[in-house]
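Okay, so here's the structure we're looking at.
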Amino acid sequence: MDLSLIIMQLFSGIALGAVLVITALGLTIVFGMLGVVNFAHGALFMIGAYAGLYLASLTGSFWWGLLLAPVLVGAFGMLIEFVLVRRLYGRSIDDPLLLTFGLSYILVEGVRIVFGSDGIPFPTPSQLIGVVDLGVGFFPKYRLFVIALVAVVLLLLWLMLEKTRVGLIVRAGARDPQIMRVLGVDIGKVWLAIFGLGVGLAALGGVLAGPMRSVNPEMGTLVLAEAFVVTVIGGLGSIVGAVVAGLMVGICISMVALFAPEMATIVIFALMAAVLLVRPQGLFGLKGRA
């Protein structure tokens, strides 16, 4: 088999992995800092794609859709946290899981009623149409853009969490909310912002995925499964784990699709099983959170 084809497939896997990273990162942040398993994450990914498509068509610019959709869907996520999820803090982990599971069905059916069940094409922005010669082959400009944008978002997120006072409050609040209350920090606002950030990242993943696939009400279902696989492989609550595992899963899907397309989806679950056999807590997870 041609080496250049294998290298191009590797780059395709990195682009797919980048979308999985940004999506799974939202899931990981919410679980790691709030202890909430958000089963509506895939539906919110889908809503992000629809919001990006609608805003792009409304403004005539993909860039406005890319910028505004995560912000608006993130604000919607904050509303979900404030009205629904907040009431379940301190209770069994199953309660918010069941709540968000039911919410995902409501969101999907709502979108199906409004937009129908058929897929809607999401046009690639004109500036990113075409391919780039990488020396070993030609690769779509848009997928290179996705890789670069996700890298920038990861850098900004790391700087925010590790180098700012806000990040310090967030990390401290995740470890000991009671101490933060004693120090006068409104932990409710911190949790609200974290949930909104996680949902906004899911929406960003949806917008980025839109031009690589048609936008449809079911598009979040497989992504949710893949995001959970990424989260479990990387370790529940581990941001570094989500990044590493997301790239691993994306590359794994892409490379297996080259040789055995029918196995592309199954193989990630085999990978998850193999990792859990060796490290039940995931690659970067803590033993107490396995």
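A quick note: this is a predicted structure, and the numbers were derived from the prediction, not measured.
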Exercise for the section: Give the intermediate values and the outcome of side-chain contact (heavy atoms from CB on, under 4.5 Å) for residues I22 and L149. Expected result: CA-CA 10 Å; I22 208 68; L149 179 62; over 6 Å; no
Report task. Check the pair R213, V223 against side-chain contact (heavy atoms from CB on, under 4.5 Å), reporting the backbone distance first and the verdict last. Result -> CA-CA 12 Å; R213 61 183 77 176; V223 168; 3.6 Å; yes
Original post:
For V199 and I80, what are the C-alpha separation, side-chain angles and deciding distance, and is it a side-chain contact (heavy atoms from CB on, under 4.5 Å)?
Top reply: CA-CA 10 Å; V199 170; I80 292 172; 5.9 Å; no
Using side-chain contact (heavy atoms from CB on, under 4.5 Å), reason through R86 and L192 one step at a time and then give a plain yes or no.
CA-CA 9 Å; R86 179 168 299 192; L192 182 69; 3.6 Å; yes
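Criterion: ILVMFWY side-chain heavy atoms under 4.5 Å apart, direct or through other members. Under it, V111 and V114 are part of a common hydrophobic cluster. Neither L58 nor L53 shares a network with the other; the hydrophobic side chains, linked directly or stepwise wherever heavy atoms of I, L, V, M, F, W or Y lie under 4.5 Å apart, form separate groups for each. L156 and L154 fall into different hydrophobic clusters, defined by Ile, Leu, Val, Met, Phe, Trp and Tyr side-chain heavy atoms under 4.5 Å apart, directly or through other members. The cluster map of Ile, Leu, Val, Met, Phe, Trp and Tyr, joined by side-chain heavy atoms under 4.5 Å apart, puts I47 and W64 in different clusters. Cluster annotation: I194 is not connected to V71 through the hydrophobic network of ILVMFWY side chains, with a link wherever side-chain heavy atoms come within less than 4.5 Å.
When all heavy atoms of V73 and A51 are compared, the pair lying nearest together is CG2-CB, 4.1 Å. For L208 against P211, the heavy-atom pair with the smallest separation is O-CD, 3.6 Å. Scanning all heavy atoms of the two residues, the minimum distance from L66 to P70 falls at O-CD, 3.0 Å. Nearest heavy atoms, V19 versus V146: CG2-CG1, 3.9 Å. When all heavy atoms of T100 and L97 are compared, the closest pair comes out as OG1-O, 3.1 Å. The heavy-atom pair separating Y142 from V207 by the smallest distance is OH-O, 3.8 Å.
Taking CG of L5 as the reference point, atom CG of L10 lies at 11.5 Å (rounded to 0.5 Å). Atoms CG and CG, from L67 and L204 in turn, are 10.0 Å apart once rounded to the nearest 0.5 Å. How far CG of L224 is from CG of L44: 10.0 Å, rounded to the nearest 0.5 Å. Residue F228 holds its CZ atom at 8.5 Å from NE2 of H41, rounded to the nearest 0.5 Å. M272 contributes atom CE, which lies 11.0 Å from atom OG1 of T231 (distance to the nearest 0.5 angstrom). Between atom CG of residue L197 and atom CG of residue L201 there is a gap of 4.5 Å, rounded to the nearest 0.5 Å.
Side-chain contact between P217 and L107: absent, with no pair of heavy atoms (C-beta onward) separated by less than 4.5 Å. Within the 4.5 Å cutoff, the side chain of M8 has heavy atoms near those of the L134 side chain. Here the side chains of L159 and T164 are not in contact, with every heavy-atom distance at 4.5 Å or above. Contact check for E81 versus Y89: side-chain heavy atoms found under the 4.5 Å cut-off. Looking only at side-chain heavy atoms (C-beta outward), L99 and R87 stay at 4.5 Å or farther from each other.
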Exercise answer: donor-acceptor pairs, residues 252-261 side-chain atoms, under 3.5 Å, sequence neighbours excluded:
from : atom 1 : to  : atom 2 : distance (Å)
S254 : OG     : Q9  : O      : 2.7
S254 : OG     : Q9  : NE2    : 3.3
S254 : OG     : G13 : N      : 3.4

Which atom pairs, donor and acceptor, lie under 3.5 Å between side-chain atoms of residues 125-132 and protein residues at least two apart or in another chain?
none

Please list, one pair per line, the donor and acceptor atoms closer than 3.5 Å that link side chains of residues 25-36 to other protein atoms, with sequence neighbours excluded.
from : atom 1 : to  : atom 2 : distance (Å)
T28  : OG1    : A24 : O      : 3.0

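Under the salt bridge (charged side-chain N to carboxylate O under 4.0 Å, His left out) criterion, no residue pair touches residues 122-143, with sequence neighbours excluded. Within the structure, no pair that satisfies the ring pair (Phe, Tyr, Trp, His ring centres under 6.0 Å) test touches residues 147-166, not counting sequence neighbours.
Separation of the F39 and Y105 ring centroids does not fall under the 6.0 Å cut-off.
Between Y50 and the options F115, F45, F122, a ring pair (Phe, Tyr, Trp, His ring centres under 6.0 Å) holds for only F115.
For W63, the ring pair (Phe, Tyr, Trp, His ring centres under 6.0 Å) partners two or more places apart in sequence, or in a different chain, are F145.
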